[in-house]
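Note sheet for the following structure.
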Amino acid sequence: MVANNSVIIDLKKICKRYGYGDAAIFALRDFDLQVKQGEFIMIMGPSGCGKTTLLNVIGLLDKSSDGTYTLAGHPVERISARKKAKFRSKKIGIIFQDFNLIPTMNILDNVALPLVYAGFTKVRREKQADEVLSRFHLQPKEYYMPAQLSGGQKQRVAIARSLVSDPEIILADEPTGNLDSRSAHIVMEELKAIHEEGNTIIMVTHNPSLTTYATRVINMLDGQIDTDIKTVADKDLPEPVSIHFGKKKEKE
Ligand SMILES: Nc1ncnc2c1ncn2[C@@H]1O[C@H](COP(=O)(O)OP(=O)(O)OP(=O)(O)O)[C@@H](O)[C@H]1O
Ligand SMILES: [Mg+2]
């Protein structure tokens, strides 16, 4: 355990506006958030309060309308599109609220897809996809198509895909929302193990009983933070994985 986990995500006065004029909706309003490496944050709040919007901004899938976002020391506004794509494919794993699996690809290829963008060889992609699928007990389904799986199985495939490139930041939008309690347990134990390795997790959930896994619980309301409670002191967070967005020796 170390005390100096650094700030990896720093949002200052972030606004996200949809539409213009009288029709404008602010999904995020002057949103300030500092996330330290090794935090496991659960985000809760009513439907429409901006949870998915927040994950999309943090995951570089969407741009804020105003404010500043600094990711691992880099001001996001100044990161090139190419570098953003690289961050997304190697450093950030996103588990979407709807599964976003590609219907014409089998399970193995779906899970291996982020590694295509990361430039890995086919043999290595399949090996890593196979390993992560076995962690979620899905190896027997590798050559199935998404339509042949149940909702819970599809969700687990989507989670496996988000983890295949060993990302240091995992953003999860209700990853257990469609799961029976046994599958939800598998997923939460896996996220717990990933967190204990020193990775940073931000997860949206409607299920208060899952907050026992978190080191910090944030309640949102109308695009802002309503309450923000740390349940684990910063000094007791897991020792962070070394994160160097930019030049980093890749693990082979
Ligand atoms: N593409 C869009 N265009 C216009 N408005 C949008 C768009 N995406 C989201 N919004 C609006 O922004 C607000 C926040 O939406 P968001 O999806 O972030 O909510 P949420 O907290 O994730 O809700 P849920 O719990 O239902 O998933 C909502 O009022 C929504 O209607
Ligand atoms: Mg949502």
Side-chain angles (χ1 to χ4, degrees), residues 9-35 39-71 76-77 81 84-85 87-88 92-102 146 151-152 154-163 167 169-181 183-184 187-188 191 200-229:
I9 291 164
D10 192 359
L11 304 176
K12 288 215 167 69
K13 292 201 167 301
I14 292 288
C15 291
K16 178 66 189 177
R17 185 192 62 229
Y18 290 112
Y20 293 94
D22 291 347
I25 287 177
F26 282 88
L28 296 174
R29 291 188 291 145
D30 288 336
F31 198 94
D32 291 326
L33 177 67
Q34 282 202 332
V35 179
E39 284 197 281
F40 190 158
I41 300 181
M42 294 226 183
I43 310 260
M44 304 188 67
S47 181
C49 71
K51 304 181 296 295
T52 298
T53 307
L54 176 67
L55 290 192
N56 286 343
V57 169
I58 292 175
L60 307 176
L61 295 171
D62 209 347
K63 270 192 187 157
S64 59
S65 320
D66 213 341
T68 56
Y69 173 17
T70 312
L71 175 59
V76 163
E77 301 86 78
K84 268 189 201 165
F87 278 11
R88 271 204 309 267
I92 304 177
I94 303 182
I95 305 168
F96 295 96
Q97 199 166 10
D98 40 18
F99 320 117
N100 277 1
L101 296 180
I102 297 183
K154 274 188 253 191
Q155 183 76 310
R156 272 149 60 204
V157 171
I159 293 166
R161 180 186 54 188
S162 76
L163 300 177
I169 301 173
I170 293 107
L171 306 174
D173 205 347
E174 289 219 57
T176 60
N178 300 295
L179 301 183
D180 59 83
S181 60
S183 307
V187 166
M188 288 314 300
L191 287 176
T200 308
I201 304 181
I202 305 178
M203 172 179 154
V204 169
T205 182
H206 281 116
N207 184 348
S209 69
L210 297 183
T211 55
T212 50
Y213 287 94
T215 64
R216 180 175 177 187
V217 181
I218 293 178
N219 266 287
M220 285 179 66
L221 197 61
D222 290 339
Q224 291 186 311
I225 291 180
D226 187 30
T227 60
D228 182 353
I229 296 167

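First listed ligand is number 1; within each ligand, the first listed atom is number 1. None of the values given here were measured: they were computed from a predicted structure.
Counting only heavy atoms from C-beta outward, the side chains of Pro46 and Leu221 approach each other to under 4.5 Å. Side-chain contact check for Arg17 versus Asp66: every heavy-atom pair is 4.5 Å or farther apart. Counting heavy atoms from C-beta on, the side chains of Met188 and Thr212 never come closer than 4.5 Å.
Of the candidates Ile58, Ile92, Leu11, Asp10, Ile92 is the only one forming a side chain to side chain contact (heavy atoms under 4.5 Å, CB included) with Leu71.
The Mg ion (ligand 2) has no N, O or S atom of Ser47 under 2.8 Å away, backbone or side chain.
Checked against side-chain hydrogen bond (donor to acceptor under 3.5 Å, both in side chains), Asp180 has the following partners two or more places apart in sequence or in another chain: Ser183.
At a 4.0 Å heavy-atom cut-off, the residues surrounding ligand 1 are Tyr18, Ala27, Pro46, Ser47, Gly48, Cys49, Gly50, Lys51, Thr52, Thr53, Gln97, His206, listed by chain and number.
What you find for Pro175 and Val187 is that their closest heavy atoms are CB-CG1, 4.4 Å.
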